[in-house]
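Have a look at the structure below before the remarks.
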Amino acid sequence: MATDLKQINVLLVDDSVIVAKRIHEMLNENPLIGFAGYALDIPSALLEINKKQPDVVLIDIHLQSENGLDLLSTLRADFPHIVTIMITSHGNGDYRDKCLKLGAHYFLDKATDLGDLESILSKIQRLMK
């Protein structure tokens, strides 16, 4: 593993504890990917983003009483340097198109694409050095 790569920090915004645990376990396997934290909703996510300054934010589209697309729009406007990855259990083309149009860098279906997360994060990491 190259030593000139800096650790990237990832914040997860998802209202599912099961998904959060699964993603945390995946990220924990790579010492160059740090888990910056977890938020259940948009206000908590914004507090964590301001406090921890993550490089990447994973955002679930459907939060309990909120829409992750609202957080995506806020991040694109106020934190354009943060890489955004939208995740959802509803991976149809309409959601994908809308997320990418709003400025998401990546879009992953939780059921089929989460296995690609580590390679995407490695790619982001190489681009950040």
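For this chain, numbers begin at 1 and follow the sequence in order. Values below: every heavy atom of this structure, side chains too, minus hydrogens, waters and symmetry copies. As the structure is a prediction and not an experimental result, all values here were calculated from the model.
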Report task. Show your working on side chain to side chain contact (heavy atoms under 4.5 Å, CB included) between Asp109 and Ser89 and close with a plain yes or no. Result -> CA-CA 6 Å; Asp109 184 319; Ser89 297; 5.7 Å; no

Query raised in the report: Can you find a heavy atom in the side chain of Thr84 that is under 4.5 Å from one in the side chain of Phe107?
Result: no

Report summary line: Between Ala45 and Leu71 the two heavy atoms that sit nearest each other are CB-CD2, 3.9 Å

Query raised in the report: Taking atom CZ of Arg126 and atom NZ of Lys6, what is their separation to the nearest 0.5 Å?
Result: 15.5 Å

Query raised in the report: Backbone N or O of Asp55 within a donor-acceptor pair of the Asn9 side chain at under 3.5 Å?
Result: no

Report task. Return yes if some donor-acceptor pair links the side-chain N/O of Glu48 with the main-chain N/O of Ala39 below 3.5 Å, else return no. Result -> no

**Report entry** Side chain proximity check, Arg76 to His105, heavy atoms < 4.5 angstrom
**Finding:** yes

Query raised in the report: At what distance, to the nearest 0.5 angstrom, does OG1 of Thr74 lie from CD1 of Ile42?
Result: 7.0 Å

Requested in this report: May I ask you to test the Pro43-Glu66 pair for a side-chain heavy-atom distance under 4.5 Å?
Outcome: yes

Report task. Identify the two heavy atoms, one from Ser73 and one from Leu102, that lie closest to each other, and give their separation to 0.1 Å. Result -> OG-CD2, 4.0 Å

Report task. Show your reasoning for whether side chain to side chain contact (heavy atoms under 4.5 Å, CB included) applies to Leu100 and Tyr106. Result -> CA-CA 7 Å; Leu100 297 175; Tyr106 298 93; over 6 Å; no

Query raised in the report: CG/Asp78 to CG/Asn50 distance, rounded to the nearest 0.5 angstrom?
Result: 9.0 Å

Query raised in the report: Heavy-atom distance under 4.5 Å between the side chains of Leu32 and Gln125, does that happen here?
Result: yes

Result block: side-chain N/O donor-acceptor pairs under 3.5 angstrom for residues 115-124, not counting sequence neighbours:
from: Glu118; atom 1: OE2; to: Asn30; atom 2: ND2; distance (Å): 3.4
from: Ser119; atom 1: OG; to: Asp116; atom 2: O; distance (Å): 2.9
from: Ser122; atom 1: OG; to: Glu118; atom 2: O; distance (Å): 3.1

Report task. Check the pair His62 / Asn67 against side chain to side chain contact (heavy atoms under 4.5 Å, CB included), numbers first and verdict last. Result -> CA-CA 5 Å; His62 295 288; Asn67 189 325; 5.8 Å; no

Report task. Mark yes when over 12 heavy atoms from residues, nucleotides or ligands other than Lys52 sit less than 6.0 Å from its NZ; otherwise mark no. Result -> yes

Report summary line: Value for CD1 (Ile61) from OH (Tyr95), rounded to nearest 0.5 Å, stands at 6.5 Å

Identify each donor-acceptor pair in which a side-chain atom of residues 12-23 lies under 3.5 Å from a protein atom, sequence neighbours left out, and give them as a table.
from: Asp14; atom 1: OD1; to: Ser16; atom 2: N; distance (Å): 2.8
from: Asp14; atom 1: OD2; to: Lys110; atom 2: NZ; distance (Å): 2.8
from: Asp15; atom 1: OD2; to: Gln64; atom 2: N; distance (Å): 2.7
from: Ser16; atom 1: OG; to: Ile18; atom 2: N; distance (Å): 3.4
from: Ser16; atom 1: OG; to: Val19; atom 2: N; distance (Å): 3.1

Query raised in the report: Going by heavy atoms in the side chains, are Ile49 and Gln53 under 4.5 Å from each other?
Result: no

Query raised in the report: Under 4.5 Å between any side-chain heavy atoms of Leu108 and Met86, yes or no?
Result: no

Query raised in the report: How far does CD1 of Ile85 sit from CG of Leu114, to the nearest 0.5 angstrom?
Result: 10.0 Å

Report summary line: CD1 of Ile82 to CD1 of Ile59, rounded to nearest 0.5 Å, is 9.0 Å

Query raised in the report: side chain to side chain contact (heavy atoms under 4.5 Å, CB included) between Ile33 and Val10: does it pass, once the steps are laid out?
Result: CA-CA 7 Å; Ile33 299 172; Val10 179; 3.9 Å; yes

Report summary line: When every non-hydrogen atom of Cys99 is compared with those of Leu69, the smallest separation belongs to SG-CD2, 3.5 Å

